[in-house]
There are 2 protein chains.
Amino acid sequence: MPLPQTEAPGRLVAELLSRGVRMTRQRRTILSVIETASQHLDAAQILRRARKLDPGIDRVTVYRTIRLLKRHGLVDELDLLHLEGEKHYYERHPQRDHLHMACVRCGKILEFESDLFERLKGQIQRDCQFHILVTRVEIGGYCAKCRGNSTDLRSV
Amino acid sequence: MPLPQTEAPGRLVAELLSRGVRMTRQRRTILSVIETASQHLDAAQILRRARKLDPGIDRVTVYRTIRLLKRHGLVDELDLLHLEGEKHYYERHPQRDHLHMACVRCGKILEFESDLFERLKGQIQRDCQFHILVTRVEIGGYCAKCRGNSTDLRSV
DNA sequence: ATAGTTGCAAACACTTTGCCGGTCG
DNA sequence: CGACCGGCAAAGTGTTTGCAACTAT
């Protein structure tokens, strides 16, 4: 079903350079962390990993780099239904949108892409005359393992 | 803007009473504010309106009442793509899900419901064996009025 | 009677800003 | 060289917690 997850490494660096953005040692480090992550990372996790590669990096630099990437549309921001705190999670802006399902019991995040969603976007652009730049779909519920053995005490 | 409210006023009070939740003067006030709102309100707006009806109400009581409603699945929480700050917005949990489109230029929020989305949810429950409790769809872009006369400088 | 709720103050989690010395091109 | 960037400290925003007094059932 899904496309391969990995684009060429260094893609974020190349993309920013081609837009005339200055490239520093710290930015390269942070970009490589985001690019090689196999899961959604929050700012604190990005900082921790970046510091393993370059211990002097500051929290603020991580936040500023994330904002830079957002402004350029190169990363998407997720909340994952705030299942654990108010932090944000980041992922590379994908070629094709996908939905995020978060299990409110075990916290697992599933991703899903669907032609139906592409059709839905088309319907929105047509019926609402709305030009879509970014989508964020977060669905809470019980994953296959957790369904059945839970009361419906949702907290989202 | 929200779709026309089809439920009876006082429904939130009735729903909570039927679940054995204690009903205080403050809660009645806050519930009525949420119930009569014609737009998505954040906690600060709910507080401001509640204080017009009962000036002694505290910020903390608003937050606690919101949490109560979330736990009971009676309100949904939205971020509206954090277009202005990190606050959350609340709306009564609708009978039928809808999507939120936020114009990144003028900030307008449009709502949209669609059979395609219902089918998408069905597909997810089937293909992923995921039992859906809550959905949050937030789409950013340019509304009909703002499209065309903007550079693509997104910040979401 | 008593478990649950309130208001106040304080703490909290996460993110942004101001400043100045350092760096990229 | 000059605009831009990084690190540090501090502030900011939005939300939650601890606790004594109060209230709904």
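Just so we're on the same page: letters track the sequence lines, and every chain starts at 1.
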*Counting any heavy atom closer than 4.0 Å, what does B:R67 reach on the DNA or RNA strands: base, sugar-phosphate only, or nothing?*
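Counting heavy atoms under 4.0 Å across all strands, the contact made by B:R67 is with sugar-phosphate only.
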*Would you mind classifying the nucleic acid contact of B:R64 as base, sugar-phosphate or nothing, using non-hydrogen atoms under 4.0 angstrom?*
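The residue B:R64 makes base contact.
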Tell me whether [Y] is reachable from [X] by hopping between hydrophobic residues (I, L, V, M, F, W, Y) whose side-chain heavy atoms are closer than 4.5 Å.
X: A:L81; Y: A:L78; answer: no
X: B:Y90; Y: B:V60; answer: no
X: B:V21; Y: B:L74; answer: yes
X: A:L80; Y: A:V134; answer: no

*Upstream residue (5' side of DNA chain D) when A:Q26 and B:L17 are each assigned their closest nucleotide*: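 The 5'-side residue here is A:Q26.
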In whole angstrom, give the distance that lies between atom [atom1] of [X] and atom [atom2] of [N].
X: B:L41; N: D:dT15; atom1: CG; atom2: P; answer: 13 Å
X: A:L68; N: D:dC4; atom1: CG; atom2: P; answer: 13 Å
X: B:R59; N: D:dT15; atom1: CZ; atom2: P; answer: 10 Å
X: A:L16; N: D:dC4; atom1: CG; atom2: C1'; answer: 15 Å

_Would you say B:Y63 places a side-chain N or O within less than 4.0 Å of OP1 or OP2 belonging to D:dT16?_
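False: B:Y63 side-chain N/O out of range (4.0 Å or more) of D:dT16 OP1/OP2.
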*If you measure from the Lys or Arg side-chain nitrogens to the Asp or Glu carboxylate oxygens, is any gap between B:K70 and B:E77 under 4.0 Å?*
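So B:K70 pairs with B:E77 through a salt bridge.
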Output all residues satisfying side chain to side chain contact (heavy atoms under 4.5 Å, CB included) with [X], sequence neighbours left out; order by chain, then residue number.
X: A:Q129; value: B:A144, B:R147
X: B:V13; value: B:L17, B:M23, B:R28, B:L31
X: B:A50; value: B:T29, B:I30, B:V33, B:I57
X: A:R51; value: A:L47

*Specify the residue among B:V60 and A:H88 whose closest nucleotide of DNA chain C lies further upstream toward the 5′ end.*
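This one resolves to B:V60.
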_Residues that A:H88 engages under ring-ring contact (aromatic ring centres under 6.0 Å, His included), provided they are two or more places apart_ =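 So A:H88 forms a ring-ring contact (aromatic ring centres under 6.0 Å, His included) with B:H82.
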*B:Y89 versus B:D42, closest heavy-atom pair with distance*: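 Of all heavy-atom pairs spanning B:Y89 and B:D42, the closest is CD2-N, 3.9 Å.
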*If a pair satisfies salt bridge (Lys or Arg N to Asp or Glu O under 4.0 Å) and one of its residues is in residues 115-142 of chain A, list it, with sequence neighbours excluded.*
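Residue pairs with at least one partner in residues 115-142 of chain A: A:D79-A:R136, A:R96-A:D115, A:R96-A:E118, A:D97-A:K121, A:E118-A:K121, A:R136-A:E138, A:R136-B:D79, A:R136-B:E138, A:E138-B:R136.
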*Using heavy atoms and a sub-4.0 Å distance, could you list which residues of residues 42-58 of chain A are near DNA chain D? By number, please.*
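The stretch gives A:G56, A:I57, A:D58 as the residues lying under 4.0 Å from the strand, ordered by number.
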*Partner residues of B:E86 under the salt bridge (charged side-chain N to carboxylate O under 4.0 Å, His left out) criterion, sequence neighbours left out*: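 For B:E86 there are no salt bridge (charged side-chain N to carboxylate O under 4.0 Å, His left out) partners, ignoring immediate neighbours.
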*All salt bridge (charged side-chain N to carboxylate O under 4.0 Å, His left out) counterparts of B:D54, not counting sequence neighbours*: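 Partners of B:D54 by the salt bridge (charged side-chain N to carboxylate O under 4.0 Å, His left out) criterion, ordered by chain and then number, come out as B:R25.
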_Axis-to-axis angle between the two ends of the helix from C:dA1-D:dT25 to C:dG25-D:dC1 (five base pairs per end, rounded to 10 degrees)_ =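 Terminal axis comparison yields 50°.
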*asked:* Using a 4.0 Å cut-off to any heavy atom of chain A, which nucleotides of DNA chain C are the first and last in contact, reading 5' to 3'?
replied: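 It runs C:dC14 to C:dG25.
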Listing time: all N or O pairs from protein to nucleotides 21-24 of chain D that are below 3.5 Å?
from   : atom 1 : to    : atom 2 : distance (Å)
D:dA24 : N3     : B:R22 : NH1    : 3.4

